[in-house]
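Note that this is a predicted model, so its numbers are computed, not measured.
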Amino acid sequence: TTLLRSTSSTGGDPGGTGTCLQFDTDNGQSGLLVLDELDSGQEVQSFVATFKLMMANTNNGAPHGDGFSFSFVPGPQVPTATFARPYLGTGSGLTIAFVTYGHQEVTNTGLSVQVSYNNQLLGYYSAPYLNTGTSFVPVTITAHPNGKVDLIYGTHTVFTNLYCFPPTQGQFCLAADSQAQVLIGDLVDLIWLEQLSITTTVANNTAVVSASPLGAGVPPNAPIQIQLQNFTTTLNTNTLALNVNGAAVALSALSIVQAGSTNTVTYQPAANFAANATIPVVLTYQDNVNTYTNSYSFTTYPYFTLPASYAVSPSSVNKTDGNAYYRSEERRVGKECRSRW
């Protein structure tokens with residue numbers, strides 16, 4: 001399915017070349033564009049979205065507003081009106097946020113692109129080039145059939161092959177907002193869009209519809225779980241081949257549960273992963289037509305080493321009831337304080 005939206009009738013662009021969609025034209029304003037569902041009731045497996053975007057202000061200074069977001073929102077979560085923090089997107093599907101507010105509460109960072117899925121931050125990319133001046137830059141977002149997404153902003157490849165878009169039913173939502181005026185004469189940020197085109201393909205065959213864990217801060221003993229859905233073909237479970245952190249996993253070590261058209265594959269590693277390590281996961285499988293390979297990665301959280309000064313002497317430990325307690329006593333303003341761990 002293809003959507004082509006060249007312009008809207010809400011106003012002209014600074015170069016006078018035609019009209020464009022203005023998300024904000026004054027301090028503190030926000031805007032929202034929700035597209036009708038392009039593939040009614042069907043799961044979108046891949047898409048290519050292109051548009052031209054301007055994020056700047058009338059004096060061509062550095063943007064100080066909040067930013068712009070591109071989201072693919074599952075049906076029940078589609079907004080019916082503007083929402084809080086439009087620049088961070090909405091819903092539990094894919095969100096790509098172009099953040100121009102250098103002191104926003106979520107990450108306290110400067111100009112950046114932030115990618116999330118299922119309300120989890122999966123990618124953060126410093127992007128000092130977000131200021132477009134009073135010109136438009138081309139933007140291309142490509143979600144491939146294997147769930148990986150690429151983003152090109154102007155002449156910059158922001159990221160490639162980020163796993164963050166399994167087949168999903170929903171709608172595209174674009175939103176933005178500008179910061180309220182702080183000082184008299186504060187410049188108004190412009191977040192305008194034109195020449196929007198989105199081409200989608202719906203899910204077919206057998207496809208991965210979810211994978212966990214994803215992102216960073218993953219416990220080192222986290223189980224790996226992947227769900228595959230039979231759309232127009234059927235998974236051959238005997239062909240499943242899982243490779244985790246460079247090592248092949250025996251088929252006998254996998255738990256495979258079938259419920260309707262969904263196949264849930266779970267693997268519990270026998271040993272903890274290393275701390276602060278990026279763990280690649282590769283799944284190969286077949287249906288009754290084709291062979292597929294899907295891959296992604298996650299990062300474990302770092303271990304915290306307790307300093308030697310935290311050690312206590314054996315004489316301070318009481319195990320009279322079978323549990324270890326450390327008892328300390330101190331006196332403050334005539335009262336006795338006791339604590340035990």
Side-chain angles (χ1 to χ4, degrees), residues 5 8 10-11 20-37 44 49 51 53-57 62-127 130-132 139 141 143 149 151 153 158-159 162 164-165 168-183 186-193 196 198 214-217:
R5 183 187 293 266
S8 81
T10 56
C20 65
L21 183 63
Q22 300 177 352
F23 283 97
D24 48 64
T25 57
D26 202 354
N27 282 303
Q29 284 191 339
S30 61
L32 170 67
L33 172 65
V34 178
L35 302 178
D36 292 337
E37 191 172 358
V44 174
F51 50 87
L53 183 65
M54 179 175 66
M55 293 200 297
N57 52 54
H64 58 264
D66 293 340
F68 166 80
S69 65
F70 178 97
S71 303
F72 188 82
V73 184
Q77 303 169 11
V78 173
T80 57
T82 54
F83 49 88
R85 294 180 179 168
Y87 65 104
L88 292 179
T90 186
S92 61
L94 167 68
T95 288
I96 301 177
F98 301 79
V99 179
T100 59
Y101 181 18
H103 301 285
Q104 53 101 2
E105 297 179 20
V106 175
T107 59
N108 193 29
T109 56
L111 304 182
S112 63
V113 173
Q114 301 170 34
V115 186
S116 61
Y117 177 77
N118 199 24
N119 298 314
Q120 180 182 3
L121 182 66
L122 299 183
Y124 166 80
Y125 307 89
S126 178
L130 285 186
N131 180 10
T132 68
V139 179
I141 302 171
V149 177
L151 171 62
Y153 184 92
V158 184
F159 62 83
L162 178 66
C164 55
F165 190 77
T168 309
Q169 180 268 329
Q171 294 171 240
F172 292 94
C173 298
L174 289 71
D177 63 312
S178 61
Q179 184 181 8
Q181 188 177 49
V182 177
L183 302 170
D186 201 15
L187 298 174
V188 178
D189 280 337
L190 305 178
I191 303 178
W192 295 1
L193 179 143
L196 173 64
I198 301 176
L214 293 171

What are the two closest heavy atoms between Ser71 and Gly89, and how far apart are they?
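Ser71 and Gly89 have their closest heavy atoms at OG-CA, 3.5 Å.
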Without swapping roles, check the side chain of Gln77 against the backbone of Ser92 for a donor-acceptor pair under 3.5 Å.
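At least one qualifying donor-acceptor pair exists.
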Compare all side-chain heavy atoms of Phe51 with those of Ile141 and state whether any distance is below 4.5 angstrom.
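In contact.
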Rounded to the nearest 0.5 Å, how far does CD of Gln120 lie from SG of Cys164?
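Answer for the SG-CD pair, Cys164 versus Gln120, is 11.5 Å.
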Over all atoms of both residues, closest heavy-atom pair of Leu122 and Tyr117
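Nearest heavy atoms, Leu122 then Tyr117: CD1-CB, 3.7 Å.
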Using side-chain contact (heavy atoms from CB on, under 4.5 Å), reason through Val44 and Phe165 one step at a time and then give a plain yes or no.
CA-CA 9 Å; Val44 174; Phe165 190 77; 4.1 Å; yes
Identify the heavy atoms of Val139 and Tyr153 that sit nearest to each other, and give their distance.
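Looking at all heavy atoms of both residues, the shortest contact is CG2-CD1, 3.8 Å.
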Could you walk me through whether Leu33 and Leu196 pass the side-chain contact (heavy atoms from CB on, under 4.5 Å) test, one step at a time?
CA-CA 11 Å; Leu33 172 65; Leu196 173 64; 4.2 Å; yes
Step by step, would you call Phe98 with Leu111 a side-chain contact (heavy atoms from CB on, under 4.5 Å)?
CA-CA 8 Å; Phe98 301 79; Leu111 304 182; over 6 Å; no
Smallest separation among heavy atoms of Ala81 and Leu32, with atom names:
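Shortest heavy-atom separation between Ala81 and Leu32 comes out as O-CD2, 3.4 Å.
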Could you tell me which non-hydrogen atom of Tyr125 sits nearest to which non-hydrogen atom of Val158, and how far apart they are?
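For Tyr125 versus Val158, the nearest heavy atoms are CD2-O, 3.6 Å.
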List the steps, then state whether side-chain contact (heavy atoms from CB on, under 4.5 Å) holds for Phe70 with Thr95.
CA-CA 6 Å; Phe70 178 97; Thr95 288; over 6 Å; no
Interatomic spacing from CZ in Phe172 to CD in Glu37 - rounded to 0.5 Å:
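Phe172 CZ to Glu37 CD: 10.5 Å, rounded to 0.5 Å.
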Without swapping roles, check the side chain of Ser69 against the backbone of Ile96 for a donor-acceptor pair under 3.5 Å.
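No.
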Separation of Leu88 CG from Asp66 CG (nearest 0.5 Å)
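Spacing of CG (Asp66) from CG (Leu88) equals 8.0 Å.
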With rounding to the nearest 0.5 angstrom, report the OG1 to CD1 distance, Thr100 to Ile191.
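Rounded to the nearest 0.5 Å, the OG1-CD1 separation comes out at 5.0 Å.
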Heavy atoms, side chains only, cut-off 4.5 Å: are Leu151 and Val113 in contact?
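Touching, per the 4.5 Å side-chain cut-off.
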Measuring only between side-chain heavy atoms, which start at C-beta, is Val99 closer than 4.5 Å to Phe68?
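No. Closest side-chain heavy atoms not under 4.5 Å.
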Treating Gln171 as the side-chain partner and Leu35 as the backbone partner, does any N or O pair qualify as donor plus acceptor under 3.5 Å?
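Yes: the side chain of Gln171 pairs with the backbone of Leu35.
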To the nearest 0.5 Å, what is the distance between CG on Asn119 and OG1 on Thr90?
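These two atoms lie 8.5 Å from each other.
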Gln169 side, atom CD; Phe72 side, atom CZ - distance, nearest 0.5 Å:
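CZ of Phe72 is found 7.0 Å from CD of Gln169.
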Find out whether Leu193 and Leu174 are in side-chain contact, i.e. whether some heavy atom of one side chain is under 4.5 Å from a heavy atom of the other.
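A side-chain contact under 4.5 Å exists here.
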Would you mind reporting whether Tyr124 and Ser112 have side-chain heavy atoms less than 4.5 Å apart?
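The answer is yes; the side chains approach within 4.5 Å.
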